[in-house]
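For the numbers below, each heavy atom of this structure counts, side chains included, while hydrogens, waters and symmetry mates do not. Residue numbers start from 1 in every chain, and the chains themselves are labelled A, B, ... in the order their sequence lines are given, proteins ahead of strands.
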There are 2 protein chains.
Amino acid sequence: MTTQAVPGTLRSRRIARSRQRLVEIALPAFAERGYDAVTVDWLCEQAEVSRRSFFRYFDGKEDLALTPLNDVWRTLIGELDDVLAGSGPLLTVLGEALIDVVEHMPPGWEHLAVLSARLSGRYPGVDAAGMLTCERFTEHVVGAIVARLDGAPGADLSARVVCAVAVAGHRAAVDTWCSAPDAGTTATREDLAALLRATLAAVPGALEIRLP
Amino acid sequence: MTTQAVPGTLRSRRIARSRQRLVEIALPAFAERGYDAVTVDWLCEQAEVSRRSFFRYFDGKEDLALTPLNDVWRTLIGELDDVLAGSGPLLTVLGEALIDVVEHMPPGWEHLAVLSARLSGRYPGVDAAGMLTCERFTEHVVGAIVARLDGAPGADLSARVVCAVAVAGHRAAVDTWCSAPDAGTTATREDLAALLRATLAAVPGALEIRLP
DNA sequence: ACCGAACTGGCACTCACTGGCACTTGGCAT
DNA sequence: ATGCCAAGTGCCAGTGAGTGCCAGTTCGGT
């Protein structure tokens with residue numbers, strides 16, 4: 001997906017290019033003609049990739065549609081060991097790492113991410129797949145935290161709750177970010193980073209909300 | 001689903017019975033032979049319901065698999081207006097309402113709910129569908145809260161975060177509840193209610209967790 | 001008893017996704 | 001350079017979920 005500093009083997013670059021091509025064809029097509037109206041067959045034809053390979057590159061159509069957003073969480077999972085080496089409140093640590101990852105996505109990421117986020121809002125099936133990725137992130141964090149704070153009672157639940165809050169904050173920020181009519185062309189990752197910062201900062205107070 | 005005090009029309013009771021029959025055939029079958037190995041065709045044959053009607057009764061195979069757990073959230077959504085008439089911290093209000101709903105599910109609910117929960121743990125697709133239902137609950141709460149606290153800045157985010165926490169607590173409680181090997185026969189709704197109470201009480205402290 | 005509306009079942013169809021198999025090709029040791 | 005091997009690929013045929021359509025039935029109010 002990313003153009004690596006170390007390019008990797010010839011093969012893996014071919015795969016990465018095919019994946020990238022599929023995403024770049026798919027997301028605008030989904031936005032224009034609707035998610036259901038664009039078939040995997042058509043996408044494969046356009047990208048000159050066989051149907052069989054499509055399903056080797058992606059977990060499914062929904063995974064393809066969410067590639068830009070999922071890449072954020074997958075990157076974060078990959079960096080978890082480094083991230084959790086930090087200190088301070090877990091929510092702060094995870095939040096800053098999330099923002100850092102967003103700021104370091106490859107060039108052009110924002111345009112595709114906006115399309116992906118809008119798709120997620122319009123199609124429940126796509127949304128559900130996105131939540132699954134976040135859930136996988138949560139499981140990684142829970143596993144790592146339990147291992148690190150070995151034996152601490154409730155570490156499990158704490159990690160789960162913090163992740164839930166981080167994910168909810170992320171979803172809220174992305175919603176706002178992608179809902180400006182011209183977001184497709186003008187939204188920047190810095191905008192999203194700022195929204196994430198604001199959202200996550202507001203979280204502790206948010207829990208206090210009372211009914212009159 | 002529930003045996004109503006007011007039985008409703010003949011028609012609606014026939015439908016409810018067909019739905020119930022499908023759920024009672026499906027969940028044990030899923031547990032025994034695996035979710036994928038049990039086809040909708042087979043289920044329809046067993047329950048003597050046409051394939052076409054199946055998809056009129058349920059949103060899909062996953063909806064069927066999650067009926068017991070989804071019913072909790074759907075009931076809660078139905079009672080939202082009453083629930084939000086209460087006062088105090090939103091998290092407490094929602095938590096108590098959730099526990100109340102669980103305690104008033106129809107007889108026999110617990111056995112099917114355990115099967116449903118285990119299925120959700122084993123099959124990501126099913127899990128994702130469950131998260132969608134929770135998301136729908138969140139949207140209802142957000143809508144209602146924004147309407148009630150008209151104009152309060154951040155009410156939107158607050159409601160979202162509280163729901164995320166409530167849902168995470170619920171998931172954690174249900175996970176624990178259904179993972180005892182003999183839960184299928186011995187788990188009671190009171191057990192689950194107690195777990196929910198404990199989990200939700202622990203949440204405020206959970207957010208404070210720090211890395212060393 | 002009758003009429004209209006709601007519900008039903010069957011059929012044919014689309015499309016996502018999978019397993020199997022033979023073939024190609026890039027990576028690597030020699 | 002060469003030749004071997006595993007990883008990756010294309011094609012095909014199959015499965016099963018989900019949907020649109022339509023003709024027939026059944027329920028509920030009048």
Just how far, in rounded Å, is [atom2] of [N] from [atom1] of [X]?
X: A:Asp63; N: C:dT18; atom1: CG; atom2: P; answer: 12 Å
X: B:Ile15; N: C:dA5; atom1: CD1; atom2: C1'; answer: 13 Å
X: A:Leu43; N: C:dC15; atom1: CG; atom2: C1'; answer: 13 Å
X: B:Asp41; N: C:dG9; atom1: CG; atom2: P; answer: 14 Å
X: A:Arg17; N: C:dG26; atom1: CZ; atom2: P; answer: 12 Å

Is there side-chain contact between [X] and [Y], with at least one heavy-atom pair below 4.5 Å?
X: B:Leu76; Y: B:Asp100; result: no
X: A:Leu22; Y: A:Thr67; result: no
X: A:Trp73; Y: A:Val101; result: no
X: A:Leu84; Y: A:Leu90; result: yes

Review point. Taking for each residue the nucleotide of DNA chain C with the nearest heavy atom, is it A:Arg56 or A:Tyr35 whose nucleotide lies nearer the 5' end?
Key: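 Result: A:Tyr35.
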
**Study point:** Opening and closing nucleotides of DNA chain D in contact with chain B, under 4.0 Å to non-hydrogen atoms
**Key:**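 The contacted stretch runs from D:dG16 to D:dG28.
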
Check your understanding: Base, sugar-phosphate, or nothing for A:Tyr57, non-hydrogen atoms under 4.0 angstrom?
Key ->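 Touches sugar-phosphate only.
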
**Study point:** B:Arg148, CZ atom: more than 12 neighbouring heavy atoms under 6.0 Å
**Key:** yes

Check your understanding: Any chance CG of A:Asp36 has more than 12 other-residue heavy atoms, nucleotides or ligands included, within less than 6.0 Å?
Key ->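 Counting neighbours around CG of A:Asp36, more than 12 heavy atoms of other residues, nucleotides or ligands fall under 6.0 Å, so yes.
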
Practice item. Identify which one of A:Arg74, A:Arg56, A:Arg19 satisfies the salt bridge (charged side-chain N to carboxylate O under 4.0 Å, His left out) criterion when paired with A:Asp63. Key: A:Arg74

Point to revise | Sorted by number, the residues of residues 44-54 of chain B with heavy-atom contact under 4.0 Å to DNA chain C | key: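 Of all residues in residues 44-54 of chain B, the ones placing a heavy atom under 4.0 Å from DNA chain C are B:Ser50, B:Arg52, B:Ser53.
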
Check your understanding: Within the side chain of A:Arg160, is there an N or O that forms a donor-acceptor pair under 3.5 Å with the backbone of B:Ala172?
Key ->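 Answer holds: no.
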
For residues 122-144 of chain A, please give each side-chain donor-acceptor pair under 3.5 Å, one per line with the distance, not counting sequence neighbours.
| unit_1 | atom_1 | unit_2 | atom_2 | d |
| --- | --- | --- | --- | --- |
| A:Tyr123 | OH | A:Tyr35 | N | 3.2 |
| A:Asp127 | OD1 | A:Ser120 | OG | 2.9 |
| A:Asp127 | OD1 | A:Arg171 | NH1 | 3.3 |
| A:Asp127 | OD1 | A:Arg171 | NH2 | 3.3 |
| A:Asp127 | OD2 | A:Arg171 | NH2 | 3.1 |
| A:Thr133 | OG1 | A:Asn70 | OD1 | 2.9 |
| A:Thr133 | OG1 | A:Asn70 | ND2 | 3.3 |
| A:Thr133 | OG1 | A:Ala129 | O | 3.4 |
| A:Glu135 | OE2 | B:Arg171 | NH2 | 3.3 |
| A:Thr138 | OG1 | A:Cys134 | O | 3.1 |
| A:His140 | ND1 | A:Arg136 | O | 3.1 |

Check your understanding: Mind checking what makes side chain to side chain donor-acceptor pair (under 3.5 Å) contact with B:Ser53, not counting sequence neighbours?
Key ->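 Result, side chain to side chain donor-acceptor pair (under 3.5 Å) vs B:Ser53: B:Ser50.
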
Practice item. List in chain and number order the residues that pass side chain to side chain donor-acceptor pair (under 3.5 Å) with B:Arg118, two or more places apart in sequence or in another chain; answer none if no residue qualifies. Key: none

Point to revise | Axis-to-axis angle between the two ends of the helix from C:dA1-D:dT30 to C:dT30-D:dA1 (five base pairs per end, rounded to 10 degrees) | key: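 Result, rounded to 10 degrees: 30°.
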
